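To start, the structure under review is shown below, and the notes come after it.
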Protein chains: 2
Amino acid sequence: MNPLILDGRKVAQTVKDELKGQIDELQSKGITPKLATVLVGDDEASKTYVQMKANTCHKLCMASERVFLPEETTTEELLDVIQRLNEDPEVHGILLQHPVPSHIDERQAFDAISLDKDVDGVTSHGFGATTFQLGAYPCCTPAAILQVIDYYGLDVEGKHAVVIGRSPILGKPVSMMLLNRNATVTICHSKTENLPEVVKQADIVVAAVGRPKFVKGDWLKEGAIVLDAGYNPGNIGDADYDTCYAKSSAITPVPGGIGPVTISMLLKHTVEAAQKQCKVS
Amino acid sequence: MNPLILDGRKVAQTVKDELKGQIDELQSKGITPKLATVLVGDDEASKTYVQMKANTCHKLCMASERVFLPEETTTEELLDVIQRLNEDPEVHGILLQHPVPSHIDERQAFDAISLDKDVDGVTSHGFGATTFQLGAYPCCTPAAILQVIDYYGLDVEGKHAVVIGRSPILGKPVSMMLLNRNATVTICHSKTENLPEVVKQADIVVAAVGRPKFVKGDWLKEGAIVLDAGYNPGNIGDADYDTCYAKSSAITPVPGGIGPVTISMLLKHTVEAAQKQCKVS
């Protein structure tokens, strides 16, 4: 039997449709949810991402403020910009586009974002508060993975999820979020011995490793669910789609899987932040 | 072959011996590392724990301040006490004894502790900062587990660690700490299906479930390492010691395993906090 194709574009559209109503209600009270994006340097891919985020804001009648800083910006200067945005009551969410130039202390910059404006879920405090289920905004890609799971009603409780990757914005948070949904969670990475054998145990595989076509179909248990968070050059996922397709019961394509849902999570968090900061719900 | 018995008393003594030199050095500069403990209510077990911690401080010539608050203390009153301790330059570390009475918002109280004085590793920010390896003090029991691993030179990198339990102060942080040591980590809990089969994969088993003699020897792979963080009434661990002893290559007894190392981790963190807060190292 062919697997269920998990269509991220449909999930994203549903999220945006729900957001429209919430944004209308905020605007009827004189509040326009506003996302500030900060881009340091001239990386073309980063410029494109920031532009896409601003465009999606505008399509949903949300406001955006784009801050462009030159390549030679110091950590101190970046911290000053973040502090100004933290203090600006018109700004509800802040996104610092990753990566920043290597001379900047990226972790210090991320952690300077106020917890209540950390709609991209990049602060270490936000990670802890997400893990402990204290209402922080999780990172957007992990949130997108959970959104796809919920949209399609996939069963997580008691299932064995194997997450390949342990980055602060993807592997670690998605592991904690699946754990909080009562999955048994295994976290694998570059030092894992016998990775194919470990993946074989999985009811749910999350590919978050950043290597094209890395996860092979013959690693999978028959009927596993494959959630591919990879986006490698040329729009290629971390899972080898054709061989995984043949073994899985449900699979996210790349493109059109987790990716499109990610931006909608950023906007969802920004709208929630506006509701909370303006005490509206 | 009989397994290696991992002797926590020996590990703890070694830690304390190292601390003595550091405390002497601090005192030669007029600084006495000071731990403040806060106990709310009349729980006898908690009183004993707090007393043990203070006694160990005094044995090492560290200072302690014990704050006893009545059962009827409100969250606001407790937050005021924590705030006073945060601001007291003589206090380097703060421990809020768990559990607090149920009418108190324990999470809010924990999270009110300054990150730089959170020597018991209970804040959500501290959990995130530990996971991201930013120099926060981890929870003391997970730190004790890692200390035992290091003392005995047990191999973690690339090994499969199965952690049974997912509490904020034990299962979750020890999982992240083992992951940061390049173990492949599986986190199990009450909803895990086929727990014995999952444990069978483990090179290292961390029992952190709070159920006496829960982990059975026949769940283990031959030669697994068993690290038992349980302390159930009657000084009984989470692992069924006799059957686990027969299958393991190394095992922590209860009592005398992880337990004795835990308090020494609290004091180690307090001394480090004094060094950092007084800019001495």
Side-chain angles (χ1 to χ4, degrees), chain A residues 105-108 110-111 115 118 121-136 139 155-169 171-173 175-176 178-195 197-203, chain B residues 105-108 110-111 115 118 121-136 139 155-169 171-173 175-176 178-195 197-203:
Chain A
D105 183 339
E106 181 177 87
R107 175 45 56 193
Q108 198 186 349
F110 276 154
D111 277 346
L115 188 59
D118 179 23
V122 294
T123 62
S124 55
H125 193 174
F127 170 78
T130 293
T131 302
F132 294 169
Q133 301 179 274
L134 303 176
C139 291
D155 205 11
V156 173
E157 178 156 322
K159 300 302 174 198
H160 192 158
V162 172
V163 175
I164 312 172
R166 54 173 165 172
S167 75
I169 57 165
K172 280 172 173 156
S175 297
M176 293 298 104
L178 290 167
L179 183 65
N180 287 335
R181 295 291 190 92
N182 293 326
T184 300
V185 178
T186 298
I187 313 169
C188 301
H189 45 78
S190 55
K191 305 288 184 187
T192 293
E193 293 169 4
N194 302 320
L195 181 62
E197 276 178 47
V198 179
V199 173
K200 202 78 171 185
Q201 316 288 322
D203 302 304
Chain B
D105 183 339
E106 181 177 87
R107 175 44 57 191
Q108 199 186 349
F110 276 155
D111 277 346
L115 187 61
D118 179 23
V122 294
T123 62
S124 55
H125 193 174
F127 170 78
T130 293
T131 301
F132 294 169
Q133 300 179 273
L134 304 176
C139 291
D155 205 11
V156 173
E157 176 155 323
K159 300 300 175 199
H160 194 159
V162 172
V163 175
I164 312 172
R166 55 173 164 172
S167 74
I169 57 166
K172 279 172 175 159
S175 297
M176 293 298 104
L178 290 166
L179 182 65
N180 287 336
R181 295 291 190 93
N182 293 326
T184 300
V185 178
T186 298
I187 313 168
C188 302
H189 45 78
S190 55
K191 304 289 183 186
T192 293
E193 292 169 4
N194 304 319
L195 181 62
E197 276 178 47
V198 179
V199 173
K200 201 80 170 185
Q201 316 289 322
D203 302 304

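Proteins get letters first, then strands, A, B, ... in listed order; numbering begins at 1 in each. The basis for the numbers below is simple: all heavy atoms, side chains too, and nothing from hydrogens, waters or symmetry mates. As the structure is a prediction and not an experimental result, all values here were calculated from the model.
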Nearest 0.5 angstrom please: [X] [atom1] to [Y] [atom2], how far?
X         : Y         : atom1 : atom2 : value
Thr131(A) : Arg166(B) : OG1   : CZ    : 12.5 Å
Thr186(B) : Gln201(A) : OG1   : CD    : 8.5 Å
Glu193(B) : Glu157(A) : CD    : CD    : 8.5 Å
Leu179(A) : Lys172(B) : CG    : NZ    : 5.5 Å

| field | Flag if over 12 foreign heavy atoms under 6.0 Å of NZ, Lys200(A) | value | yes
Relative to chain B, which segment of [X] carries a heavy atom at a distance below 4.5 Å: side chain, backbone, both, or neither?
X         : answer
Ala183(A) : backbone
Leu195(A) : neither
Asn194(A) : neither

| field | Winner by heavy-atom pair count (cut-off under 4.5 Å) against chain B, out of Gly126(A), Gly128(A), Cys188(A) | value | Gly128(A)
| message | Please enumerate all residues that pass ring-ring contact (aromatic ring centres under 6.0 Å, His included) together with Phe132(A), with sequence neighbours excluded. | response | Phe127(B)
| field | Evaluation steps, side chain to side chain contact (heavy atoms under 4.5 Å, CB included), between Leu134(A) and Asp111(B) | value | CA-CA 11 Å; Leu134(A) 303 176; Asp111(B) 277 346; 3.7 Å; yes
| side chain to side chain donor-acceptor pair (under 3.5 Å) partners of Thr192(B), counting only residues at least two apart | Thr184(A)
